[in-house]
A.B. asks: 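Take a look at the following structure, please.
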Amino acid sequence: MHIVFGGAFNGKRQYVKEHMGLESIAWLEGELPNPGDNAVIAGLEHWIRAQLEQNHSEQEILAAISTLANSTGERIWILTDISRGIVPIDPLEREWRDVTGRSYQYLFGQAQHITRIWYGIPQTLKGDGRNEYLHENRR
């Protein structure tokens, strides 16, 4: 599992498209794949928000993410950092930010490779630093 993260509009999707070798992999925005499916998962924070709005608990959300993270299949997670700035006053906004942060912490702990993108510049935080993650795992 590879995580590419950074702030909004910092070039995460472009980096994945240009460097990850994605010939035949599903690209999902704001939704989760079936366990075992190969996928690029972008917009997890939007999926989490939708789950909270449907009154799903943090435990249910983390269980779904954990099940997916521990299933077979090649995955690249594109995660947007929403943890900076002023803590929201609105309870739902605050819960969304907290649950998203705890979900990211879990995924970061499980990932073999983590790349931070800051204004288009990649920085390897975890793993061997090679960009061809999916190509390497298909051999």
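Worth saying up front: this structure is predicted, and the values here are computed from it rather than measured.
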A.B. asks: Looking at Ser66 and Leu62, would you say the former's side chain and the latter's main chain have a donor-acceptor pair under 3.5 Å?
C.D. replies: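 Answer holds: no.
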A.B. asks: List the steps and the verdict of side chain to side chain contact (heavy atoms under 4.5 Å, CB included) for Ile76 and Trp27.
C.D. replies: CA-CA 9 Å; Ile76 297 173; Trp27 190 289; over 6 Å; no
A.B. asks: When hydrophobic residues are tied together by side-chain contacts of less than 4.5 Å, even through go-betweens, does Trp47 share a cluster with Ile82?
C.D. replies: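 Linked within one cluster.
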A.B. asks: Is there a donor-acceptor pair under 3.5 Å between the side chain of Lys12 and the backbone N or O of Ala42?
C.D. replies: no
A.B. asks: Which heavy atom in Gly85 sits nearest to a heavy atom in Arg97, and how many Å separate them?
C.D. replies: O-NH2, 3.6 Å
A.B. asks: Check Arg13 with Glu29, please: is the shortest side-chain N to carboxylate O separation under 4.0 Å?
C.D. replies: yes
A.B. asks: Is a side-chain donor or acceptor of Asp90 paired with a backbone partner of Glu93 at a separation under 3.5 angstrom?
C.D. replies: yes
A.B. asks: Just so I know, are the side chains of Met1 and Gln110 near enough to count as touching, which here means a heavy-atom distance under 4.5 Å?
C.D. replies: yes
A.B. asks: Mind checking whether Trp96 and Glu45 have side chains closer than 4.5 Å, heavy atoms only?
C.D. replies: yes
A.B. asks: Do you know which of Glu60, Glu53, Gln59, Glu58 makes side chain to side chain contact (heavy atoms under 4.5 Å, CB included) with His56?
C.D. replies: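 That would be Glu60.
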A.B. asks: So Thr115 and His2, do their side chains get closer than 4.5 Å, heavy atoms only?
C.D. replies: yes
A.B. asks: Locate the shortest heavy-atom distance separating Asn10 from Tyr119; write the atom from each residue and the value.
C.D. replies: OD1-N, 2.8 Å
A.B. asks: Please evaluate residues Lys126 and Gln112 with respect to the criterion side chain to side chain contact (heavy atoms under 4.5 Å, CB included), reporting the C-alpha separation (whole Å), side-chain torsions for both, the decisive distance (0.1 Å), and the verdict.
C.D. replies: CA-CA 7 Å; Lys126 185 175 180 182; Gln112 294 83 27; over 6 Å; no
A.B. asks: Looking at side-chain heavy atoms only, is the closest gap between Leu107 and Ile65 below 4.5 Å?
C.D. replies: yes
A.B. asks: Looking at every non-hydrogen atom in both residues, tell me the closest pair between Val4 and Tyr15 and how far apart they are.
C.D. replies: CG1-CD2, 4.2 Å
A.B. asks: For the pair Glu31 (side chain) and Leu28 (backbone), establish whether a donor and an acceptor sit closer than 3.5 Å, ignoring hydrogens and angles.
C.D. replies: no
A.B. asks: Dump the intermediate steps for side chain to side chain contact (heavy atoms under 4.5 Å, CB included) on Ile41 and Arg75, then the final yes or no.
C.D. replies: CA-CA 7 Å; Ile41 304 157; Arg75 307 239 169 51; 3.6 Å; yes
A.B. asks: Just wondering, do Ile78 and Phe5 contact through their side chains at under 4.5 Å, heavy atoms?
C.D. replies: no
A.B. asks: Mind checking the OG-CD1 spacing from Ser103 to Ile61? Nearest 0.5 Å is all I need.
C.D. replies: 6.5 Å
A.B. asks: Please say whether more than 12 non-hydrogen atoms of neighbouring residues, nucleotides or ligands are located less than 6.0 Å from CD in Gln14.
C.D. replies: no
A.B. asks: Could you tell me which non-hydrogen atom of Gly36 sits nearest to which non-hydrogen atom of Ser71, and how far apart they are?
C.D. replies: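 Smallest heavy-atom distance, with atoms named: N-OG, 3.4 Å.
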A.B. asks: Tell me whether Leu125 is reachable from Ile121 by hopping between hydrophobic residues (I, L, V, M, F, W, Y) whose side-chain heavy atoms are closer than 4.5 Å.
C.D. replies: no
A.B. asks: Taking the side chain as everything from C-beta on, heavy atoms only, tell me whether Val87 gets closer than 4.5 Å to Arg94.
C.D. replies: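 Val87 reaches Arg94 side chain to side chain.
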A.B. asks: Same hydrophobic cluster for Leu79 and Trp118, using side-chain heavy-atom links shorter than 4.5 Å among ILVMFWY?
C.D. replies: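 Different clusters.
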A.B. asks: To the nearest 0.5 Å, how far apart are CG in Leu32 and CG in Asp37?
C.D. replies: 11.0 Å
A.B. asks: Quick check for you: to the nearest 0.5 Å, what is the distance between Thr100 atom OG1 and Asp81 atom CG?
C.D. replies: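 One gets 10.5 Å once the value is rounded to the nearest 0.5 Å.
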A.B. asks: Can you check whether Thr80's main-chain N or O pairs, donor with acceptor, with Tyr104's side chain at less than 3.5 Å?
C.D. replies: yes
A.B. asks: Is it true that a side-chain atom of Asn38 and a backbone atom of Glu74 form a donor plus acceptor pair closer than 3.5 Å?
C.D. replies: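 Yes; at least one donor-acceptor contact below 3.5 Å.
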A.B. asks: Could Glu95 and Arg49 be called an ion pair, given the rule that one side-chain N must be under 4.0 Å from one carboxylate O?
C.D. replies: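 So Glu95 does not pair with Arg49 through a salt bridge.
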